[in-house]
Amino acid sequence: MLLLVLILIPFIGCIRAALQPSSERSREAWLAAAVGLIGLAILAFQFPQISQGEVLRYQIDWMPAYGLNLVLRMDGLAWLFSLLIVGIFLLVVLYARYYMSPQDPVPRFYAFLLAFMGAMLGVVLSGNLVQLVLFWELTSLSSFLLIGYWHHRSDARRGARMAFTVTASGGLCLLAGVLMLGHVAGSYDLDVVLAAGDTLRAHAWYRPVLLLIALGALTKSAQFPFHFWLPHAMAAPTPVSAYLHSATMVKAGIFLLMRLWPVLSGTPEWTWLIGGAGVATLMLASFIAIFQHDLKGLLAYSTISHLGLITALLGMGTPLAMVAAIFHTLNHATFKASLFMAAGIIDHESGTRDMRQLRGLRHLMPITATLAIVASAAMAGVPFLNGFLSKEMFFAETLLVGSSSNYWMAFAAVVMGIFSVAYSLRFIYVFFGRPASDLPRTPHEPPRWMRFPVEVLVVLCLAVGMMPALSVGPLLQLGAQAVLGEQLPHYDLAVWHGVNLPLVMSFITLTGGVLLYAVLRRRFNLAQSSRPPLLHRINGQRLYESLMLGLRSGASQLEKLLGTRRLQPQLVLLVSVCLAAGVAAAISLPSVWTAAHSTPLDLPFALLWLLGCVCAVAAAWQAKYHRLSALALAGGAGLVVCLTFLLLSAPDLALTQLMVETVTTVLILLGLRWLPPRQPQLAPSPRSARTARLRRSRDLLLAILSGLAMAAISYLVLMLPAAPGISQFFLEQAVPQGGGTNVVNVLLVDFRGFDTLGEISVLAIVALTVYGLLRRFRPAAESMALPPQQTNPADPAARQIPEEQVNGGYLLVPGVYLRVLLPMIMVCALYFFMRGHNMPGGGFVAGLLFSVGIILQYLLAGTQWVESRMHLHPHRWLALGLLAALATGAGAVLAGYPFLTSHTAHLELPLFGMLHVPSAFVFDLGVFGVVVGATLLILTALAHQSSRAHRLAHANDDTPHQEEP
Amino acid sequence: MEAVIALSIGVLFASGVWLILRPRTFQVIIGLLLISYAVNLFIFIMGRLSVNQPPLALQAGTDTNLFADPVTQALVLTAIVIGFATTALYLVLLLTSRGLSGTDHVDGREPSA
Amino acid sequence: MSNSMMSGMHDMSLWLAVPVSLLLVLGGLITLTGALGLLRLPNFYQRIHGPAVYITVGTGCFLIASMLYSSVALQRPIVHELLITGFVILTAPVVSMMLMRAAVYRDLRKGNTDNTPGDAYKFPREH
Amino acid sequence: MKRWLPTPLMSLALWLLWLMLNQSLAPVHVLFGGLLAVAVPLLVAPLRPTPVRVSRPLVAIRLLFYSLVEILRSSFNVCMLILFSKKGLNSKFIRIPLDLRDPHGLAILACIINSTPGTVWVEIIPDSHDLALHVFDLHDTQWWIDMIKGKLEQPLIEIFEQETA
Amino acid sequence: MSTTLDLLIMLPVLLPLLLGAVLVLLGGRPTLKFALNLGGTLALLVLALTLYWLTDHDVWPDGVGVYLAGNWVAPFGITMVVDRLAALMLLLAALIATAALLYSLRRWSRAGVHFHSLFQFLLAGINGSFLTGDLFNLFVFFEIMLAASYGLLLLGLQPGRVRASMQYVVINLVASSFFLIGVALIYAACGTLNMADLAVRAATLDDGQRLLLETGAAVLAIAFLTKSAMWPLGFWLPTTYAAAAPPVAAMLVLMTKVGIYVIVRLWLLVFAEQQDSWAALSGSALVAGGLLTLAFGTLGLLGSQEPGRMAGFCAIISSGTLLAVIGYGGTAVVGAALFYLASSTLAVAAFMLLLDLIGRVRNPSVEMLAITMEAFDIDDAPDDSAGVAIPAATAFLGLSFMACVLIITGLPPLSGFVAKFSLFHALLNAGAISALTLGLIALVVVSGLAAIISLMRFGVRVFWSNPDMQPPRLHPSEALPASGLLLACIALSIAAGPASSYMDRTASALHEPQLYIERVLSTRPVTTENAP
Amino acid sequence: MSVQLLTLALGFAQLCVLLAMVFCVIRLLRGPTAQDRILALDSLWMAAMLFILLLGIGFASTVYFEAALLIALTGFVSSIALAKFLMRGEVIE
Ligand code: NA
Ligand code: NA
């Protein structure tokens, strides 16, 4: 339970901090400090149990079926790391209290810092590997936010993005690795996994698992070749650098390698991968560090190099190396955090971190200078300081691993040592010499409590360096025991081991380092802006930036290549893919060519369809330049379709198709006025003509192929015997149960009335959409002018308004016919409606017929005249129709039957005898209403556009004449 | 008869496909019209062909095997109406597009040369 | 010619079958002739007279044939044919009227009122 | 009466139409047809600005017969011309001054002329109230003028413009 | 069937239809209309929750509720069926609809004449597609949904929107034609339209009918895959999403999932059990298509700058993942896929809403400058070390954006991570692990990485590179929906255990189609005897 | 006997009407003017009506007459809409 508190309080603190007003300063720091103190208290409380070798566990079930639970598990290693995390957090909070500027919105800073601490504690306390990854990514995230804290600076943004990209990618690899590891081990639970080392090492997946987990660890710990993000992360405020980039976050990778050391290590692959990366990093980074000019840059590379050292130790795979690794982790955290803070103080006080400017700070801030010098000495590995001890252990191990025949590791260690002495000297040099006069600010000692954390850490360095067994001994024991268990080797934490080879190596590094620095110093002074020799070409950051840029542009290129934003290619693809899918499905089966039955060829029918086909092809051919012809030709094809329906026993379809044909023609004609005139283009360039030809050939081929496919599958269907399906039921039950002899109509309004309800909804929706669209329709400028027919003086009707035309003009006579026709059409519509249930007809046909009658009046006398005399309210027709259909269904529900259950009312009327009124009749009435409403709404909305143009045209009478199409 | 109707469906469909691949909106709308003819016929013939056997069960107890499949007819009816609605919608959409962009290209802008 | 479209022919006495057949043949011939006119005549103003023949007389022949045939052979009232006749009479004139006027003014607007086959409104005698 | 049956002829036509469509004289249809015959004209009344008056049914019947004969005759002529005319046809527009003003009369005239093969109505020229007519094969303009004015226009004037004439 | 309770199955369709019709009749009374619309949508939410509960408890046998519309017995009439999957989808739909509607309160509901009616019709279409047990009825509901979406997409009538609609409409019309062709072929093969009956009959077909069935299914699949934006059929999606009004875009996100839903439903019901070469072929086609879609979405996301298109590519990635995973098959995998579906749909929908709000703080010129400077590695003012206070609204946006990114990219600790983890877990434990499994996992990981890079680039550009950023004006009705959806995701992460076990139950029910079939075909109509 | 006669006559009439439709379609294709095409389309509709009438006779069924009736009633609508479009440049003013 305490474990849960330990994990939760930072997050609670984070939320609390985030809710503070942004001007708040001290209270934030106190809040953070309180969190840190509580954590420390909990850790102290748990020490007795941990030191007994107990493993504390606390489990909350999260996704037990998937083996993912929140398991908090504290052993010695976790305790040690927790101590590190919480302890340094406290110091950093204290330091930050004075470091952050009054303008900085500190609540955000502390919130992020607390979140980070929580995430970090989560990593070290995870008893489940997936949970570890979860917190791992949270550390990446919170570090991203912390690095980008000063987000108005582009270096902060870039540094944050880079750090996050690299570490989050590593995290994803880690997740994959952990999942595979869990699969091999049979569980994600750490205890189970730790026990499955032998299984894993023998498993075929060992290498991928190792690689993926190593990728996670190496990216996080900024190991070569992923080291480049860390120097850029220095854009973060210094407390962040001190906390994340020296003591904690970068140690998460190290922690992971330690945690999984029992499972993963002990193989040549481990040594080569981890050890190799470590050695490469320590050499490279320590070398580059010498040539930095930025204090924090130097410290960053130094950090990388020390992390490389620890990684190299872990890569060695021996238990003693493990102990050394843990020891150096602690040491590095203390001296590096203090150095970062010192650098921050210098920056804070002098206004710069450029070592080329900083001189003689010893005179201006003597205490700070002393502290920094001691910490640097620890970093350089000077005896009686903690760095010396762990480095010596490192040297000893390199000798041990390399054995007598192979000294390359020892050699690398010595070289690294020389470099680190050199850069430590370079760091120290800022305190010596004559004070610089050209600094942005005149530095002096920082506030008392700002220096306090540095003092604490330096005291720790000294304490460990002088009395290791007393100070750090128990802690180290605790950590090493947790990892190594039975394998815990004997080691001796003493300042003096006598004169041995490691001591000689230490001596060489110290003198070598001083010499190297002396040699190089002149060069620094000569070439202030020199880049690190040899290695400046290996620029991870450049590589990263160009990779990101390349990714973006490459992806965008590829996306353009593999995708399109134009319609035609999409349709080509759609049709081709469908064709391919159909053909693939069809040919994957054995051929079936057993003709079942066929109707004898009928010459008239063939002739009819010859016409239909000719019309269709001609419509396709004419549609570009001769719209009217194309429309007429498509109408011809439609007529043949109607006749086919009629001929093949589908009178209902024929009637409906006939009406739809008419309405569609009127509709498209209404739209034609707003389309631009199209003249054949003159002489395109030969190249574009060729591509156009190619494209047309491709489309033609595709069209022919899809036509062939449709023809083939149609023929196949017709040759196969019909499956005994549901249709017999309808034919048999239409009269007894549906109460109508027209089976199609009974299907539409009863058996499958729900489909029809949906279908009229579609109609209603489209009508509403069309109405909405047309209300805000703005025609193109050139089609606003009146059509040439209406402005040409040759026609006496040219400037007559529709009303004049029909009541005295050329439409006088046609008007008489159409006005006589209207009531007749209405009666016919009613007729088709009433008989629909028993004979061809029904709501659709009737509705369309009725609408056609009304539209004829519009056509004759114009919108204004008709609407001034008749209020149609198509919206109401539409809504009431839909409601009527719904009400029919709801009536059944009220009667206790399912929705849309049909009933027949049997009315005994005096004169007429028995009348059977099926409820489907009301439903069909709804259909009728919707069809009328929708059709009228669409057509009149379109028609209104013309009258609008007319009003505009009459407003300015001298509209330019337009060429007749 | 079967071959004739199958071929006809093929021709209608091919003409429609050719048209919907064209760049002008009017071509596309005529193409959609032709495709809907083809598809309606296609659905229709899934009930196989029968001449002069409309599904009108005028007397109860008639041999139902004589009738054409009413289900496909009901489906086609729905498809016809929906096809009409969508044609209307596309028409108005293409007019709107033309009004806003000044072109009748399907992409709402003339292709750059 | 195998024709599935005549599956329902009923028997009837010959003296009625002959006129019905004759009417059918006559209607067919007139229809064909009218359509031929539409096809072959040289300009629109002449072509418009072709279909007029079959719309009026062809329809008439078929309708009378149908009336005779159904009223005798099927004992069915003949009213539908009358309705069709009525509607054709009501609608056909409007189409030709509108179409003719449209064609005339189209030509007038184009200005080709010379005596070519496409001429429009060149009245032989002015009032 | 006037209020409920503003257009009795139309009502009659609609009633007949309903009965014919249903092919039945059952009381339901008779009554429902009657209902329609009253309701529908009332519904569309706002859209019919010109009232119709008809008299002299005998003249109408004579006109009908004359027209039928004329239609058959012209039809034969036109067929022959289409099939066998080797030389060019003398298709011409002619003008016929009309006295008939009633829109319904003009409509019937148009119906007869357009139903007669070989003649197509173009329009009534606004200023002169002349009928522009297209004749398929014109031999004698005056014959056409006389025929239309005498045999067609006159009876129509009698039928439709009795009171006003 | 006992009508009273069973009526609940029908209401998610009937209620919006009714409301849509009523809203047409109410003229210009925006407040009343909005209130009615919201009331209806909330009622749908309650309904969806009820159905969610009902299907998961022993109310109906096997958790399958059947409603016989028109009281016609199963293969003949149209049946509406609710099971766990349908209930889950209904719930998702209702959640997103509520958020989208609330979001449109201030602006978008007034941008079009019949917004409210169209919105309700859209819901009717979507819910109907989830509930129907009839293939042709599915077509009808698809059309309702599409028709309403056309109307909503054109809301406000901007040139870009019209241009996008031209694509969207034509492609959907053509896809609908394929839908019809597919349904027709299936009817020709089996003589039935009822999905359950289809599954029964499909098992007993001869060679010829089998050919028709499978060709029909292939064509039908193309229609659904177009709607779920499989590569190379989904190029319309980013364009459309980028153009749509934010609440509509959120609904479109949902609609992409309707295609996926239908594929899951039909494929598992009718085809996956067939165990023939075709089933194997179609499964691998689905996997291949999904992988390609995933790859394409990844490329698009990496390459695009425009936020709307980025969101579109996020939806494509989600679709691709789902298609591949569903094609891969297996109960556990499908269960994880459903979890992923829920999480990614909610997150991308929230993202759509957020993008609009974010659009208000964006300053394109400043952003361009920032991009250029970062590309050319120019540092600006590194010595200015005092921070900039972020006003609460911006902080809210930033936090919500971050949550969205976490979920979409699958980073811990939110539902996106849980979803991806369960997917990987299920894939690794689904039996034999092939190169395909690992490839799939790798691609999903890479797509997540691409999403991280791209979305972080965007977020940094918007929230960090904009020194003169004015705090945006946020209305609660705009802030609430997006955060509500995100809260749903967070709830999903916290309740990951129960949620994923629900998904697993759903998946295992899907893998036992005979229960569904049995329930549909054995439901008897109400007779005069048993009517109340 | 009379059945054969009638069948023959009806077949002949059907063939004639179909040929008439062929001629109409040819005119529809050839144009050359828009009015020619509209005329051809209208004639095609009328011929189709005749064809349906003949079908009704052949099948001895009233169902077909309904379709013919509908063509007679509304077949002209698209023709006059087209004509009006030619004449005025728009269908509904
Ligand atoms: Na019907
Ligand atoms: Na005539």
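Keep in mind it's a predicted model, so treat the numbers as computed, not measured. The basis for the numbers below is simple: all heavy atoms, side chains too, and nothing from hydrogens, waters or symmetry mates. Throughout, a chain's letter reflects where its sequence line sits, starting with A, and its residues are numbered from 1.
- For Val53(C), the parts lying under 4.5 angstrom from a heavy atom of chain D are both the backbone and the side chain.
- Using a 4.5 Å cut-off between heavy atoms, Arg40(C) touches chain D through its side chain atoms alone.
- With a 4.5 Å cut-off on non-hydrogen atoms, Val122(D) touches chain C through its backbone and its side chain both.
- Considering Leu81(D), Thr119(D), Asn77(D) in turn, Leu81(D) is the only one that fulfils the side-chain contact (heavy atoms from CB on, under 4.5 Å) rule with Phe136(D).
- Contacts with chain D were tallied for Ile30(C), Ile48(C), Leu41(C); Leu41(C) has the most, counting heavy-atom pairs under 4.5 Å.
- Neither the backbone nor the side chain of Ile108(D) comes within less than 4.5 Å of any heavy atom of chain C.
- Taking CD of Glu153(D) as the reference point, atom CG of Leu63(D) lies at 12.0 Å (rounded to 0.5 Å).
- Using a cut-off of 4.0 Å between Lys/Arg side-chain N and Asp/Glu carboxylate O, Lys149(D) and Asp99(D) are scored as salt-bridged.
- In this structure, Phe93(D) has its ring center closer than 6.0 angstrom to the ring center of Tyr45(C).
- Interface check for chain C: of the options Ala132(D), Ala110(D), Ser128(D), the most heavy-atom pairs under 4.5 Å are formed by Ala132(D).
- Taking CG of Leu42(D) as the start and OG of Ser11(D) as the end, the distance is 7.5 Å to the nearest 0.5 Å.
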